[in-house]
Amino acid sequence: MSSLLCVNELYYTYREGKVSTPVLKGVNLEVSAGELTAVIGKSGSGKSTLLHVIATLDRPDSGSVLFDGTELTALSSPKQARFRNRSLGFVYQFHHLLNDLSALENVALPLSIGNVKQTEALNRARAYLKKVGLEGKETALPPELSGGERQRVAIARALVHHPRLILADEPTGNLDADNSERILSLFLDLVRSEGSAVIMVTHDLALARRADSVYRMVRGKVERDA
Ligand code: ADP
Ligand code: MG
């Protein structure tokens, strides 16, 4: 099967002054369209770093990230930004919602940035809020929502522009079992019906087991989990 995403010998080191912390030490990973991939591993093993590097938010020391045949690490910053706006949905471990925009406006944001007309953008955002179980919360501001509700707004925002690649960093971290299940179903539905690819970092082994493939971060590399 052809890979939508191909990560090859990826190295990344955090550098602060004289201190350097090597985190990714030769990561190899392939993800096909239409697949849900789970990444598990101990806290501090580098899972978030890996997602950030794939997302072009951090530049690797060496190695390559091929997305649909394009070498992302070699793109100019404006082209990387275009990749992120068009093709990528990112669910942060700690969601970054804009506190003075309503839930609905937060979800519509990627569409507004993508020049979709405002009424259309709001209609599509409304449908996604419903999918994550937040019908009726459209006008709420993020500070008026619970942690789990804010997380679901962030997930809706990451999916609303139908990205081909979704990177989700512990998306169900502060959700109860019912809402975790809802999010997992949404991801599975997206990969099956739209051929998107999802990489989901999770602590929840029961959730990970339902992915098409599971990788474990160990000592700066990922191993296929049997
Ligand atoms: P995980 O998501 O698996 O918990 P992270 O990717 O967040 O792990 O972190 C991997 C390692 O990199 C940890 O040792 C962490 O302390 C370190 N690290 C993360 N962010 C930074 C940073 N901004 N500066 C320096 N070190 C960092
Ligand atoms: Mg993390």
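Indexing begins at 1, ligand by ligand and atom by atom, following the structure's order.
Remark: Arg224 qualifies as a cation-pi partner of Tyr215 under the 6.0 Å distance and 45° angle criteria applied to the six-membered ring.
Counting heavy atoms under 4.0 Å from ligand 1, residue Glu16 touches it through the side chain alone. At a heavy-atom cutoff of 4.0 Å, ligand 1 is contacted by both the backbone and the side chain of Thr49.
Ion pair Arg210/Glu181 flagged as a salt bridge, since at least one NZ, NE, NH1 or NH2 atom sits closer than 4.0 Å to an Asp/Glu carboxylate oxygen. The pair Asp176-Arg182 does not count as a salt bridge, with every side-chain nitrogen at least 4.0 angstrom from each carboxylate oxygen.
Closer than 4.0 Å to atom 10 (C) of ligand 1 lies at least one heavy atom of the protein. Distances from atom 3 (O) of ligand 1 to the protein include at least one heavy-atom value under 4.0 Å.
Not a single N or O atom of Val23, backbone or side chain, sits closer than 3.5 Å to an N or O atom of ligand 1. Among the atoms of Thr21, none of the N or O lies under 3.5 angstrom from an N or O of ligand 1.
Ranking the protein heavy atoms by distance from atom 8 (O) of ligand 1 puts Gly46 N, 3.2 Å first. Summary of contacts: the protein heavy atom closest to atom 1 (P) of ligand 1 is Gly44 N, 3.5 Å. Scanning the protein for heavy atoms near atom 7 (O) of ligand 1, the closest one is Ser48 CB, 3.7 Å. Considering only non-hydrogen protein atoms, atom 27 (C) of ligand 1 sits nearest to Tyr14 CD1, 3.4 Å.
Not a single heavy atom of Gly41 sits less than 4.0 Å from an atom of ligand 1.
Looking at Arg59 and Thr73, their side chains never bring a donor and an acceptor atom within 3.5 Å of each other.
Here Ser48 reaches the Mg ion (ligand 2): one of its N/O/S atoms is less than 2.8 Å from the metal.
The OG1 atom of Thr37 sits 11.5 Å away from the CD1 atom of Ile166 when rounded to the nearest 0.5 Å.
For ligand 1, the atoms lying closer than 4.0 Å to a non-hydrogen atom of Lys42 are 3 (O).
Smallest separation of non-hydrogen atoms from Pro163 and Gly89: CB-N, 3.4 Å.
Side-chain contact check for Ile54 versus Phe90: every heavy-atom pair is 4.5 Å or farther apart.
Among the candidates Leu104, Asp100, Asn106, the single residue satisfying the side-chain contact (heavy atoms from CB on, under 4.5 Å) test with Ser102 is Leu104.
By the 30° and 60° cut-offs, the orientation of the rings of Tyr14 relative to Tyr12 is perpendicular.
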